[in-house]
Amino acid sequence: QVQLVESGGGLVQPGGPLRLSCEASVTIDSIKDMGWYRRAPGKQRELVATITSDGRTEDADSVKGRFTISRTNAKNTVYLQMSRLTPEDTAVYFCNAEAGKYGLNYWGEGTLVTVSS
C-alpha cells in the first residue's frame, strides 16, 4: 500500500550540492515519520537524517551543518539537500517512511550518489 520512489542521485564533484527527493505513494495508509539512510561501500547502513510529520528534524553528526532534510506533508515527499559534499559521502541513499496504523517501515530501492572529480 506504500511505495517510495527516489530521485536525484548521480555524479557530483567534491564541494558541490545535490538534492535528493523521495515521494511516497499511499492508498489508505498515512505517512508519519520519514528519513534518509545511506550505505557506503564496505560499510554498514547508517542514519543520515529524520523528520517527523510536524517538521521536527534530527541529523547525524557526520552531516550536521551540511545536509538539510525537509518534507511536504500534502504530497508525502521528503527531500535531502546536500552541500559541501566530500568523497566520504559517496553511498547509496535510501528513503524510509513510517506509515499506517502500526507504524510499519517502508524503504525505497536506493539512489546512488557518487562524489568524485
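Computed from a predicted model, the values in this text were never measured in an experiment.
For the pair E6 (side chain) and L20 (backbone), a donor-acceptor distance under 3.5 Å is absent.
The shortest non-hydrogen separation linking F67 to D59 is O-OD2, 4.0 Å. What you find for Y79 and S21 is that their closest heavy atoms are CD2-OG, 3.3 Å. Closest of all the heavy-atom pairs between P17 and Q81 is CB-NE2, 4.1 Å. Between T77 and E23 the shortest heavy-atom distance is OG1-CG, 3.7 Å. Across all non-hydrogen atoms, the minimal contact from E98 to G103 is CG-O, 3.3 Å. The two residues I31 and A24 have their closest heavy-atom pair at CD1-CB, 4.0 Å.
Environment of CD in E46: crowded, with over 12 heavy atoms of neighbouring residues, nucleotides or ligands closer than 6.0 Å.
Note that CD1 of I69 and CD of E58 are 10.5 Å apart. Values are rounded to the nearest 0.5 Å. We find the OG1-NZ distance between T90 and K43 to be 10.0 Å, quoted to the nearest 0.5 Å. With values rounded to the nearest 0.5 angstrom, L18 atom CG is found 9.0 Å from L80 atom CG. Note that the OG1 atom of T50 and the CE atom of M34 stand 11.5 Å from one another [nearest 0.5 Å]. Considering CG of N105 and CG of N96, their distance stands at 4.5 Å, rounded to 0.5 Å. Atom NZ of K64 sits about 9.5 Å away from atom OG1 of T57, to the nearest 0.5 Å.
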Practice problem: Applying side chain to side chain contact (heavy atoms under 4.5 Å, CB included), run through V78 and W36 and close with a yes or a no. | Solution: CA-CA 9 Å; V78 63; W36 288 96; 3.8 Å; yes

Exercise. Determine, stepwise, if the pair S53 / R71 fulfils side chain to side chain contact (heavy atoms under 4.5 Å, CB included).
Key: CA-CA 8 Å; S53 59; R71 70 186 293 173; 4.3 Å; yes

Self-check item: Worked check of side chain to side chain contact (heavy atoms under 4.5 Å, CB included) between R38 and D89
Solution: CA-CA 9 Å; R38 68 183 182 185; D89 294 315; 3.0 Å; yes

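At least one side-chain heavy atom of P14 sits under 4.5 Å from a side-chain heavy atom of V115.
Other residues sharing a hydrophobic cluster with W107 under the 4.5 Å side-chain heavy-atom criterion for ILVMFWY residues are Y37, L47, V92, F94, L112. Other members of a hydrophobic cluster containing V5 are absent, since no ILVMFWY side chain comes under 4.5 Å of it, directly or through relayed contacts.
Checked against side chain to side chain contact (heavy atoms under 4.5 Å, CB included), S116 has the following partners two or more places apart in sequence or in another chain: L11, T114.
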